[in-house]
2 protein chains.
Amino acid sequence: MNIIPSLSIDCVIFGFHEKKLKVLLLEYDKEQLDAPVKNPDAFAPYTETEPDGKFPYEKPIGLPGGHVPVDRSINDYARDILETATGIKDIYLKQLGAFGETERVSFLRVVSVVYYALINPEHYSIRGSSLLKSLEWYDIDKVPELIFDHNAMIEKALKRLREEVQIRPVGFHLLPEMFTLTQLQQLYETVLGIELDTRNFRKKIQKMHLVVDTGKMQTGVAHRAARLFRFDKKVYEMLAEQSFSFRV
Amino acid sequence: MNIIPSLSIDCVIFGFHEKKLKVLLLEYDKEQLDAPVKNPDAFAPYTETEPDGKFPYEKPIGLPGGHVPVDRSINDYARDILETATGIKDIYLKQLGAFGETERVSFLRVVSVVYYALINPEHYSIRGSSLLKSLEWYDIDKVPELIFDHNAMIEKALKRLREEVQIRPVGFHLLPEMFTLTQLQQLYETVLGIELDTRNFRKKIQKMHLVVDTGKMQTGVAHRAARLFRFDKKVYEMLAEQSFSFRV
DNA sequence: GCAAAAGTGTTGCCGCTACACCCATGC
DNA sequence: GCATGGGTGTAGCGGCAACACTTTTGC
């Protein structure tokens, strides 16, 4: 499979679990990275090496990514990476932008187009394809030092997510199909880093007609069971297109 | 000068003049395009050719752009293009995103990173470097058919500008250093495609402390002369960082 | 003096914020 | 029965939209 050597894709995959915003990172296999690509048709993570054939990180942790095949569009290939990393389809995915400092990869000139994705915690146990054994969720504020400029990519993606969440109702993608209003509120509190008034939050959400009562209730909790809601796809799609004020 | 063949940069340069939003386009020199690059150290527009050495457009109009040199960051090179096209520095410039469909350029796989810029009409007479004789401002709603996917790029840039203008005070970059409040209002009306109430608009703008009275007045107009304002850089920078509601 | 745009205040309504207590469930 | 989070209403304030007339200038 022919790739474009000077162009790669990286994906910032966000998750939300127990009031924490998470990002999915990959510990790259140093031996695989040091060796020539063995399985070039499969998902190929970074395969650039220094002139001596070594990869310049002891414990290379980074975003899932890879080089773009000449016959795949960048959007399609970002989706390939995402599906390989998570094992699921139909994920909210958007382009963040291109990172193109000359020295961002020390031993090669490569520009990376970065995407960000929102996935919901029903899929948290899924660990991607067998090629990627060492995928791990990291708290957004406990991300270690990563390869290349991947820390900067996450930072920028987070900034974008904070903006996005205020002008489009995208937050829902981080929740399971049925969720409580408290979960939704905690999501916004976490992403925006502020506290919200419960009563006011609920009024605002209900007025938007974005969520509908499923009639079902939480079970197995040591307190009053909460109603479960799902969000209304039709209203969502209407609101998602026309940029809309979602100040919660 | 070594370039990255699979990577190009394009710039959507917006201007505002007489209540119209404009975009700066370039009629590429077919003969220069058909021939090998004569002056590779200077601004080199698209130099891809079909296998027979011909450029596949009769009247190739498109965005100013070029292939990225291996030793320039994409941001820096976007600025180079912008300066070559306009002849001026210190322009508001931001990345829009990467366009990477496989067939976007019919005869070569090339991904383009697109930027958008806002320039003010004091510079309207400037026509860029001598290499680029055929630069022209086009009304945003009278853009002809362009090369490659440049029409789609402009459309996306416009959409982004509409969003941007509502969450950051970027509109000012489209105005001259001193401007009247009416000009400012017309700018917002044009970009957003809506009408605004003059009194309410002025109240809102003044309350933001973003514009300051220069004490000067318009001259040579066939009606009551308007006050000239400039915008306050300090307040602007404060507000520009923290995404801020600029609902006018 | 007339055409053309600048400039200016008030009122009513709506939406937002602030705020505290009872309810259901598991253990 | 107690600990834990679920769920609800109101009042006051501030901000926003709607709205019309006088002023200045060039010709």
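Side chains included, hydrogens not; waters and symmetry mates left out as well; all remaining heavy atoms used. Letters A, B, ... are given to chains in the order of the sequence lines, protein chains preceding strands, and every chain is numbered from 1.
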Nucleotide [N], atom [atom2] - distance to [atom1] of [X] in whole Å:
X	N	atom1	atom2	value
B/Q218	C/dA4	CD	P	16 Å
B/Q186	C/dA4	CD	C1'	13 Å
B/K207	D/dG14	NZ	P	12 Å
A/R202	D/dG6	CZ	P	7 Å
B/H223	D/dT25	NE2	P	12 Å
A/I205	C/dG15	CD1	C1'	16 Å
B/R224	C/dT8	CZ	P	7 Å
B/F229	C/dA6	CZ	P	12 Å

Flag the pair B/E177 and B/R230 as a salt bridge only when some basic side-chain nitrogen lies within less than 4.0 angstrom of an acidic carboxylate oxygen.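 Looking at B/E177 and B/R230, the cut-off is not met.
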Pick the nucleotide of DNA chain C nearest each of B/N200 and B/A225; which residue has the one closer to the 5' end?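 It is B/A225, whose closest nucleotide lies nearer the 5' terminus.
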Donor-acceptor under 3.5 Å (A/Q218 side chain, A/A226 main chain):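 The answer is yes, because a donor-acceptor pair under 3.5 Å joins these two groups.
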Between B/D213 and B/G215, is there a donor-acceptor pair closer than 3.5 Å when you use the side chain of the first and the backbone of the second?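 Present.
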What contact category does A/T180 fall into here, base, sugar-phosphate, or nothing, at under 4.0 angstrom with non-hydrogen atoms?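 Nothing, no heavy atom under 4.0 Å.
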Pick base, sugar-phosphate or nothing for A/R227, based on heavy-atom distances below 4.0 Å to the nucleic acid.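 A/R227: backbone/sugar contact only, no base atoms under 4.0 Å.
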Give the C-alpha distance, both sets of side-chain angles, the deciding distance and a yes or no for salt bridge (Lys or Arg N to Asp or Glu O under 4.0 Å) between A/R160 and A/E164. CA-CA 6 Å; A/R160 177 73 66 87; A/E164 190 83 9; 5.4 Å; no
Measure distances between side-chain N and O atoms of A/K203 and base N and O atoms of D/dT10, and say whether any donor-acceptor pair falls under 3.5 Å.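 Indeed, a donor on one side and an acceptor on the other fall under 3.5 Å apart.
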Record whether the side chain of B/R199 comes under 3.5 Å of the base of D/dA20 through a donor-acceptor pair of N or O atoms.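 A donor-acceptor contact between them is present.
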A/A222 has a side chain; which of D/dC19, C/dG26, C/dT8 sits nearest to it?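 Closest of the options to the side chain of A/A222: C/dG26.
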Could you work out which one of D/dG5, C/dT8, C/dT17 sits closest to the side chain of A/K204?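 For the A/K204 side chain, the nearest candidate turns out to be C/dT17.
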Here's a test of your reading of the structure: between A/T182 and B/V221, which maps to the more 5' nucleotide of DNA chain D?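 Whichever sits nearer the 5' end wins; that is A/T182.
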Verify the distance criterion only: is there a donor paired with an acceptor across the side chains of A/R202 and A/T182 at less than 3.5 Å?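 A/T182 and A/R202 do have a side-chain donor-acceptor pair below 3.5 Å.
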